[in-house]
Structures are given as structure tokens and as C-alpha cells.
2 protein chains.
Amino acid sequence: MDKQTLFYKLVSFTSSVHRVTHELTKNAKSDSISQAQYNILEYIAVSQPVTPSDISDCQGMAMPNTSRELRKLSEKKLIEKINHPEDRRKQTIRLSKDGEALMNESFSTIESRFLERIQHASKADLEEMDQAIDILQKKLFY
Amino acid sequence: MDKQTLFYKLVSFTSSVHRVTHELTKNAKSDSISQAQYNILEYIAVSQPVTPSDISDCQGMAMPNTSRELRKLSEKKLIEKINHPEDRRKQTIRLSKDGEALMNESFSTIESRFLERIQHASKADLEEMDQAIDILQKKLFY
DNA sequence: CCTCTTATTTATCATTTGATAACTAAATGA
DNA sequence: TCATTTAGTTATCAAATGATAAATAAGAGG
């Protein structure tokens, strides 16, 4: 197993991951938000509470654009902006009740597609996948 | 290892894969093409020869838009459209010499970043990653 | 030959995304 | 206190992407 062979394998693998992720998430997002807005909500959902700067860094989106999208999400009542008590320049962003509900809906659509995909997996298969994910997460996708 | 736990693990894993892929490929594409055009070239590179319909299906891009992007790539001399000998409605798309060169450049940038990322991996680590990729590719990301 | 279907193109338009300059307001620190 | 830095906003513009209608042109099947 030389490194170059592993690289080619990785290219093919990541392409598969992207394709399958796309299949699982396709149309799972509400039509009322754009893809970028969905990505932001997803990030907030798993990392909240976050600041606009966190979002900007993590999504690779310039601050003015992040600010614009957060304003739209706020207008749609999907997030809440809370002033930081100590540093009044900072904000804390959280999903609103509506935002939580919207993301839960998406996640449950995605989850049921995932369950369909692995419906024929045995207990041993699940165990193997679990371990494989651990290895890759730790050694490659850290 | 119940399926729901595995699902949550998968969500976190795919998010890591996307983040790392983004780090590896960031700025690796030539400035002369857009992201969608790069995605198309990458698909052609690993799957050629392909037809415009293949690209449309695989990229989830509507035919008129696929056609437009292929025209732009063709104008940039990065691909060649060859008429199918049997069915004259069909086309065969291939990378041109320039297209090959451009993709090779990108791939080698990405590869060197990958090598940097795994520079401290032992022979056993590489072996483990290789097997983990095989398992996931076969059982989950098929 | 005629109709239907398939593969692709052209044209057009709305929306989204990305980039930049200029701004406000608050903290920081000499 | 005053200059500088940090966090976020507003405004604006260009470019990329997505969606749709309508066209061309060739194969397929009766």
C-alpha cells in the first residue's frame, strides 16, 4: 500500500461520499431556504451556540455575505441573534424553535433514506462500518 | 451499535470528509474555470468518455445548463466534442490535451497536500486506512 | 412516410453567490 | 484620551447557477 495508490483510492472514495451524500440530502432541505442558508443552519445545529465570525470562518464565506445570509435567516425567523453580555460587539447565534423544527424535518428525511440504504446490513456489517469510520475520522479526516 | 447511532456518526463523518476535501482542493483549481466547470472536468477525467447526458445526470445539472458549461469548456479548448459514429444525436466528450494538463496540475497539487496530511502515518496506519476505505466504499458509499 | 421520442442547443430570466468599499460601534491599549 | 483593532453591517456590483420555454435534428416504430 504505497501512498500514491492510497491517494487515488481516496479520490474515488471522496467522490463516492459526495455522490451518496447528495443522494441522501437531495430535496431534504426546505424550499424556503437556499443551499448556503441550509449549510449555515446545519452548522449552527451541530455547533451552537456560534458567532457570525465562526460561521464565516467555517463556511469560508466572507463576513459581509455571512451577515447578509444571517439577516435573511433571521427575517425568516429560523435563527435568533443574542447580544453577547460581555463583549457587545459579539453576537451569539442560535436556532429558533422554527429553525429547530425545520432542521429536524430535514435530518429525519435524511435518516430514513440512510436506514433504507443500510437495511440489508448485518450486525457485523454495522460494527465494521463503525470501526472504519473511526479509523478514517481519526487518521485522515481529522 | 444501533443504526441511529451510526447515522449520527455518519453525519459527523461526512461533514469531516467535506471539510478536509475542501482544504485539500482549495485553490487547486485554475482561476480560468468556475467550480461547476471544474466539477465537470473532474468527472470527465475519471469517467471519460462520457456524453452530455451522463454529465447532466451525474452532476444533477439540467441539460440546458450542462450544454452551456460544455460550450464554455469547449471554447476554452479544455474539452473536445466528438460526434458519435452510430447515433448522430449523441456526442462523446473527452478532455483535450490542455484539459488533461490542467487537471493533472490540480491533481498534483491535491496529492501533495494529501501526502503532507498523512506524512506521519505508519505503514500499519496506511494499511488500516486502505481497508477502512474498502469497507465503507462497499457497504455504505456504493 | 409520419409520428413520437431522444439528445442536445439556444435564448432568456431570476436567484444565488462572491467580492469589495465604506461604514458603525465597541473593545483594547499606549 | 486617542489611535488601533475587532465584530459586524450596509450597499453595490459582477459572476455563477438554476429554471423554463422553445427549437433543431436524428433515431425508432408503426
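Every chain is numbered from 1, with letters handed out A, B, ... down the list of sequences.
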Considering non-hydrogen atoms only, spot the tightest contact between [X] and [Y] and give its length.
{"X": "A:Arg19", "Y": "B:Tyr142", "value": "NH1-O, 3.3 Å"}
{"X": "B:Ile93", "Y": "B:Gln48", "value": "O-CB, 4.3 Å"}
{"X": "B:Met103", "Y": "B:Tyr38", "value": "CE-CE1, 3.7 Å"}
{"X": "B:Lys29", "Y": "B:Ser106", "value": "CA-OG, 3.9 Å"}

How does protein contact run along nucleotides 22-30 of chain C, one letter per nucleotide 5' to 3', with B for base contact, S for sugar-phosphate only, - for none, heavy atoms under 4.0 Å? ----BS---
Taking [X] for its side chain and [Y] for its backbone only, find out whether a donor-acceptor pair lies under 3.5 Å.
{"X": "B:Thr66", "Y": "B:Met61", "answer": "yes"}
{"X": "B:Ser96", "Y": "B:Lys77", "answer": "yes"}
{"X": "A:Ser56", "Y": "A:Pro52", "answer": "no"}
{"X": "B:Thr109", "Y": "B:Glu105", "answer": "yes"}

B:Asn65 and B:Glu69: side-chain donor and acceptor closer than 3.5 Å?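 No pair is found: no donor N or O on one side chain lies under 3.5 Å from an acceptor on the other.
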Go through the side-chain N and O atoms of B:Lys76 and B:Gln37 and say whether any donor and acceptor fall under 3.5 Å apart.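 The criterion, which ignores hydrogens and geometry beyond distance, is satisfied for B:Gln37 and B:Lys76.
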Could you tell me how far apart [X] ([atom1]) and [N] ([atom2]) are, to the nearest whole angstrom?
{"X": "B:Gln91", "N": "C:dT6", "atom1": "CD", "atom2": "P", "result": "18 Å"}
{"X": "A:Arg71", "N": "D:dT12", "atom1": "CZ", "atom2": "C1'", "result": "13 Å"}
{"X": "A:Asn65", "N": "D:dA11", "atom1": "CG", "atom2": "C1'", "result": "12 Å"}
{"X": "A:Met63", "N": "D:dG8", "atom1": "CE", "atom2": "C1'", "result": "5 Å"}
{"X": "A:Ile82", "N": "D:dG8", "atom1": "CD1", "atom2": "P", "result": "13 Å"}
{"X": "A:Lys72", "N": "C:dT15", "atom1": "NZ", "atom2": "C1'", "result": "9 Å"}
{"X": "A:Leu70", "N": "D:dT10", "atom1": "CG", "atom2": "P", "result": "12 Å"}
{"X": "A:Glu69", "N": "D:dT9", "atom1": "CD", "atom2": "P", "result": "12 Å"}

Polar pair under 3.5 Å, donor/acceptor by atom type, side chain A:Arg68, base D:dG8: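 No pair found.
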I'd like to know if A:Glu75 and A:Arg71 make a salt bridge, using a cut-off of under 4.0 Å between side-chain N and carboxylate O.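 A salt bridge links A:Glu75 with A:Arg71.
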Side chain of B:Lys81 - closest among C:dT9, D:dA7, D:dG18: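 Nearest nucleotide to the side chain: C:dT9.
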Looking at the side chain of A:Ser67, which of D:dT9, C:dG18, C:dT10 is the nearest nucleotide?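 Side chain of A:Ser67 sits closest to D:dT9.
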Please list residues of residues 52-61 of chain A whose heavy atoms come under 4.0 Å from any atom in DNA chain D, ordered by number; otherwise none.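 The stretch gives A:Pro52, A:Ser53 as the residues lying under 4.0 Å from the strand, ordered by number.
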Contact list for DNA chain D against residues 19-51 of chain B - heavy-atom distance below 4.0 Å: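 Under 4.0 Å from DNA chain D: B:Ser34, B:Gln35, B:Ala36.
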